[in-house]
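First up is the structure itself, then whatever we jot down about it.
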Amino acid sequence: MLQTRVIPPAEGAYQYPLLIKRLLMSGARYEKTREIIYRDQLRYSYPTLIERVARLANVLTAAGVKAGDTVAVMDWDSHRYLECMFAIPMIGAVIHTINVRLSPEQILYTMNHAEDRFVLVNSEFVGLYKAIAGHLTTVEKTLLLTDLPEKTAELPNLIGEYEQLLAAASTQYDFEDFDENSVATTFYTTGTTGNPKGVYFTHRQLVLHTMGVSTIMGSIDSVRLLGTNDVYMPITPMFHVHAWGLPYVATMLGLKQVYPGRYDPEYLVELWRKEKVTFSHCVPTILQMVLNAKAAQNTDFGGWKIVIGGSALNRALYEAAKAKGIQLTAAYGMSETGPLVSCAHLNDELMAGTEDERITYRIKAGVPGPLVEAAIVDTDGNFLPADGETQGELVLRAPWLTEGYFNEAQKGAELWAGGWLHTGDVATLDSMGVIDIRDRIKDVIKTGGEWISSLDLEDLISRHPAVREVAVVGIADPQWGERPFALLVVREGHEIGAKELKEHLKPFVEQGHLSKWAIPSQIAIVTEIPKTSVGKLDKKRIRVDITEWQANNSTFLSTL
Ligand code: AMP
C-alpha cells in the first residue's frame, strides 16, 4: 500500500455520505413547478413529491419497517413506484423491485430469497399475490396500490391503501444519515438458466451511477440527450434495473416526468403527444411495438430522443425510427451493472464521416462512460488487444457494479473472477475505445469451426423489406455442430422463404461481411416471436419451439 497523505478531518467537519436522499432534494431547486404525472390520474410538483416521500416514510415506519428490512413493490410504472424508489432506501430499508412478468413460481422464489418483509401490491396483482401468499416465508404485511374507486382488496395482513395512508401521514420526516455502503435496492436477473439471481446496489453506487448517467447523457455533445427542459417518460419497466436508473437522474435534475402505468402502445403515443415527451429509453422490441401502434402511423415524433439498450440496436430499426423523427442512441449495460456502462459516442473524426458511417457508430454499444473501465479477455482471463477485430469476453470495472449475488457466494465469485466483472458478452474494442457487442457468449453460433454472431445475422436479415421482426439462434446439427436458424415475422402484404432470404444475404457474403456458413438453410415464419419478461428475444424458448417444429415437420418451416 502506498504511504499517501491522509489528513484527518477537522473537528466538526461534516462527513458527507452519498445517500439517495441527496438526489431528491436538488430537483425542486431547478424548477419547482415541474410536474410528476401519472397517466391522466394525477399530477403534482416537486415540493409535493418531497412531501409525499416523507409521508410514505412515515407510513412505512409506523407499519414497523426498520432499517435493513426488505420492502417489495409489485406495480406498473407509476408515481408511487418513484416515491418508493426514494422513501424505502431513505429510511435505511431495501427496495425489492419485483419483476411482475416472471412466472408466479419465480416471483415466489425471488420474494423468499430476498427475504421480503413488507409488500406493496397493485390491485392488478392481488390474484397473483394471493396465489403465492401461502408459500411466502418472510412477508408480514401488505399495502394496496390501486387506481380503482374501491380502496380495499382481499390481501392477507393488509394495512391499508396507499393514497389513504399517505393522506393521513405527516409531511415531515427526519431522514437520518447512515453508511453510504448500505444496500438500497435489489432485484433479480431474468437469467435464462436456473433460478434468477439477486443483484443489489448501495446508496453510494446509485448516487455515482446517477452522476455517471447524467454526465454521459447530459454533457457529451455527440449524444446530448438530457437537459433540465427535457420531458422524461420511461418505457422500460421500473422493475427492470430501476428503469435503468433514469428516475433518479430525472428527479435529481428536476425534469417533468411522465409515468405511463402498464404499457399500452396506443396510450404511450397519446401520452407522448399530450405531455410533449422528449426523452425515453427502452429495449428494441418495445420501440417496435410503439412504431407499430395505430396512433403512430400518421405521427411525426420529431424531437423524441430514445436510448435503446438491453439488446442490440440494428440498422433497420434505427432507420425506421429516424424516418418517424425519432433520434435513437444505443447504450449498453446489464442487471449486474446498474445498468449504464457505455453509450454511443461519435468523436470529431466520426462526425466528419458519411451519414452511413455515423449510423454504424450510433448503433454500437459505444464508449465506456467516465469512471468505467472496459477490457476484453480470453477464456483464461488474459487481456486481448483493442484492435477492433479481436473478440473476447467483455469485462468491466466501475464504482456502481453489483459486488456479488445475494446469498450466492460462488456465483458472485465467478462473476468477479480476476477482479473484473464478467459480462458473458463477446465484444471487440477498437482504438477509439468503442465497444461493439458481438453476441452473448451462449448465443454465438458455432458452425463448422466458425463463430457466427446471431446479432450480425439479425441485423442483416432485418434489412429485407419483408421482415418485420427477426430472431436468429443456433440449432444443434450432427454434421456442423450448430446451424443458424432464423425466425421471422413478415410485414403485411409481403412474402419471404428460405430461398429469398439466401438471395438477400448472398451479397453480404460476397462483400465479405458474412461467412457463407451463416446463411440459414431453414427458417420459420411466425406471427410472433417469444419474448422474455423484459421484452427481449427469448432465445431459450425459441430453441425449444424450433426443435419441436422440426420434430413435427411443422408448416411454419421453410427450407432451402
Ligand atoms: P439484462 O441483465 O437482462 O439487462 O441483460 C443484459 C444483456 O443485454 C447484456 O449482457 C447484453 O447481452 C445485452 N445488451 C444490453 N445492451 C446491449 C447493446 N447495446 N447491444 C447488444 N446487447 C446488449
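Atoms within a ligand are numbered from 1 in the order they appear, just like the ligands themselves.
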Those protein residues which place at least one heavy atom below 4.0 Å from ligand 1: Thr190, His240, Gly310, Ser311, Ala312, Ala331, Tyr332, Gly333, Met334, Ser335, Asp425, Ile437, Arg440, Lys536
Quiz item: cation-pi between Lys197 and Tyr405, 6.0 Å / 45°: yes
By side-chain hydrogen bond (donor to acceptor under 3.5 Å, both in side chains) - contacts of Asn347 (at least two apart): none
Where at least one partner belongs to residues 359-369, residue pairs that pass side-chain hydrogen bond (donor to acceptor under 3.5 Å, both in side chains), sequence neighbours excluded: Arg315-Thr360, Lys364-Asp436
All ring pair (Phe, Tyr, Trp, His ring centres under 6.0 Å) counterparts of His79, not counting sequence neighbours: Tyr38
Pair Asn99-Ser533, side-chain donor/acceptor within less than 3.5 Å: yes
Test log, rule salt bridge (Lys or Arg N to Asp or Glu O under 4.0 Å), inputs Glu355 and Arg358: CA-CA 5 Å; Glu355 175 64 357; Arg358 283 195 293 268; 3.1 Å; yes
